[in-house]
S.K.: 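I am attaching a structure below and will ask some questions about it afterwards.
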Amino acid sequence: MADKNEWGSNLSFILAMIGSAVGLGNIWRYPYVLYSNGGGAFYIPYIVAILLMGIPFLILEYGVGYNFKSSFAKAARKINSKCEYLGWFLPVAVFMIMIYYSAILGWDGIYIVLSFFKGWGANPDAFFATTLLQSSESFTGLFNFIPVIAIAMLVGWIIIWFISHRDLEAGLGKVSKVLVPALFIIMVIIVIFSLTLPGASIGLAELFNPDWSLLGHFEIWMAAFGQIVFSLSLGMSIAFTYASYTKDDADLITNTISIALANSLFENFAALGVFSILGYMSLQSGTAVSELVTQGTGLVFVVYPTVFNVLGQWAYVLGPLFFLTVYLAGLTSILSTVEPLSFSIQNKFGHSRSKTMTMLIIVGTCISMIYATAFGGTLLGFVDTFINQIALLFGVVVECIIFAWIFKAEKLIDFLNSKSKTITLGKWWLLIVKYILPIFISIIWIGGMFDVVRSCSFEQMIFTIASAVILLVATLIFTILPAKNPEWNNTEERV
Ligand code: PFF
């Protein structure tokens, strides 16, 4: 029988990994990034980013995770005892993502219900910002609690607990095998329907109209690399943890290629759907696509409901399907964000998977209620920017250095090649993971920091500093607490 923390099959591993990668980033971020960075011309930096960074880095992260068959914190400590702090840093940062992702999942849950009767009314913008979120940009909004959001978030947390506290295969493995294919099937239905809408071609022409001149601009290369880091959840200790759960016979190189392909397929499909629908809206309203297009919550909770309002009866089918897709994509991603911290805690303190998950989910639920206040939406934006543009990218650079240089990536080559049924690694791979990747990701990181500092308001600065302090202190606490599991110092290596 499989261990509590072991995949039942390679299929569970691949599908869970695709579930983690395919998330809100594919639906609400990618179409906009593609559009605003040269349209069709963006495919050149995008493909380069996948080949040069996505696949090589994922292979490295998988390889090291597989080698240790233990949690991220435990492995970091084994590589070098001074690295334990970083071993906790990424899992804690990813757990912070979980906490705010739960709010977006909650909002989307509410929209699934509303979509059956277009409950957002004639003005979706005002409904989302004022009626539902009661958005306030002032701290005092923290004292205005919004029960309906809290209830929707609680429903999400209960679903997460139900899946995550079980043994890995019985929970996450089984659920991924159902939800990930379901997600792809629903997306295909949405896209086929969207392509048949009048005006779809207007949106698609706008989307793919290549602006080759942008290829010479640094920003579009950065945008492509940034999108791949986020979309594939690279270097976030998730891929590491999932690979450490595999049995002894995994072909990690081929798995990586399948996962990167599935992720790109999904996001490009999403872009077709989003832009066909925007083209339809443009035709109906006479507004240019460029004025309709947006990303993030604005796209999902404002633009889409606006489109559904003019879509007539079909909206009662397309609306629920669309919000369900967002929910499933979010759910399969959020499930992955608790695994690195949970496994690290199990390893250091000797608690069972079930107990650790229950504790973390209770803590996550309590903290997440801060997002069920009128200040929640604004706060979410601040924390998201801090985590994605500053904390995670920093972690990714350091992880790359620790894995490629201190652990020594060359140790993995023979083993990975011996299992591979597709490509094999050579010197080119070492060149990428040791030199090109750390340099490139550092550049994206510095660029992101500049962006944040340049456009930061006073409130944002305060909450960014507060988030940083929380992250650093929580990481420190996990690092200095004494281990309770005698196995903590015994780390076997498979390669
Ligand atoms: N890869 C996910 C997406 O594209 O939406 C986002 C994500 C999930 C980022 C989990 C980070 C993470 F830890």
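Every value quoted in this text rests on a predicted model; they were computed, and no experiment measured them. We number each residue from 1, following the sequence as shown. As the structure lists them, so they are numbered: ligands from 1, and atoms in each ligand from 1.
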S.K.: Determine whether the aromatic ring centres of residues Phe225 and Phe440 are separated by less than 6.0 angstrom.
M.R.: yes

S.K.: Test: side-chain hydrogen bond (donor to acceptor under 3.5 Å, both in side chains). Region: residues 30-48. Which pairs qualify, not counting sequence neighbours?
M.R.: Tyr30-Asn268, Tyr35-Glu206, Tyr43-Asn268, Tyr46-Ser264, Tyr46-Glu267

S.K.: With heavy-atom distances below 4.0 Å as the criterion, list the atoms of ligand 1 near Gly23.
M.R.: 3 (C), 4 (O), 5 (O)

S.K.: Should Ile97 be counted as touching ligand 1, given the test is an N or O pair under 3.5 Å?
M.R.: no

S.K.: If we only count N/O pairs under 3.5 Å, is Leu392 in contact with ligand 1?
M.R.: no

S.K.: What protein heavy atom sits nearest atom 13 (F) of ligand 1, and how far off is it?
M.R.: Ile238 CD1, 3.2 Å

S.K.: Side chain or backbone of Val22 under 4.0 Å from ligand 1, or both, or neither, by non-hydrogen atoms?
M.R.: neither

S.K.: Quick one: look up the protein heavy atom nearest atom 2 (C) of ligand 1 and list residue, atom name and how far away it is.
M.R.: Ala21 O, 3.4 Å

S.K.: Find all atoms of ligand 1 within a distance of less than 4.0 Å from any non-hydrogen atom belonging to Leu24, and give their numbers and elements.
M.R.: 5 (O)

S.K.: Of Tyr245, Tyr62, Tyr242, which meets ring pair (Phe, Tyr, Trp, His ring centres under 6.0 Å) against Phe13?
M.R.: Tyr62

S.K.: Below 4.0 angstrom, N of the basic side chain to O of the carboxylate: do Glu84 and Lys78 qualify?
M.R.: no

S.K.: Determine yes or no for a side-chain-to-main-chain donor-acceptor pair under 3.5 angstrom, with Arg77 supplying the side chain and Gly87 the backbone.
M.R.: no

S.K.: Under 6.0 Å between ring centres: does that hold for Phe407 and Phe68?
M.R.: yes

S.K.: Ligand 1 versus Ala329, non-hydrogen atoms closer than 4.0 Å: side chain, backbone, both, neither?
M.R.: neither

S.K.: Output yes when the distance from some N or O of ligand 1 to some N or O of Gly25 is under 3.5 Å, and no in every other case.
M.R.: yes

S.K.: Geometry only, no angles: is Ser336 polar-contacting ligand 1 at N/O separations under 3.5 Å?
M.R.: no

S.K.: Regarding Ser20 and Ser336, do their side chains bring together a donor and an acceptor under 3.5 Å, going by distance alone?
M.R.: yes

S.K.: Any idea which atoms of ligand 1 are less than 4.0 Å away from a heavy-atom of Asn26?
M.R.: 3 (C), 4 (O)

S.K.: Pull out every atom of ligand 1 sitting under 4.0 Å from any heavy atom of Val94, numbered as shown with elements.
M.R.: 13 (F)

S.K.: Check contact between Tyr101 and ligand 1, using heavy atoms of the residue and a distance below 4.0 angstrom.
M.R.: yes

S.K.: So which heavy atom in the protein is nearest atom 10 (C) of ligand 1, and how far is it from that ligand atom?
M.R.: Thr337 CG2, 3.6 Å

S.K.: Looking only at protein heavy atoms, which one is nearest to atom 7 (C) of ligand 1, and what is the separation?
M.R.: Ser233 OG, 3.8 Å

S.K.: For ligand 1, find out whether one of its N or O atoms is nearer than 3.5 Å to an N or O atom of Met236.
M.R.: no

S.K.: Kindly indicate whether the side chain of Phe89, heavy atoms from C-beta on, has any atom under 4.5 Å from the side chain of Val398.
M.R.: no

S.K.: For the residue pair Ser12 and Ser9, confirm or rule out a side-chain donor-acceptor distance under 3.5 Å.
M.R.: yes

S.K.: Check the side chains of Thr297 and Trp107 for a donor-acceptor pair under 3.5 angstrom, ignoring hydrogens and angles.
M.R.: no

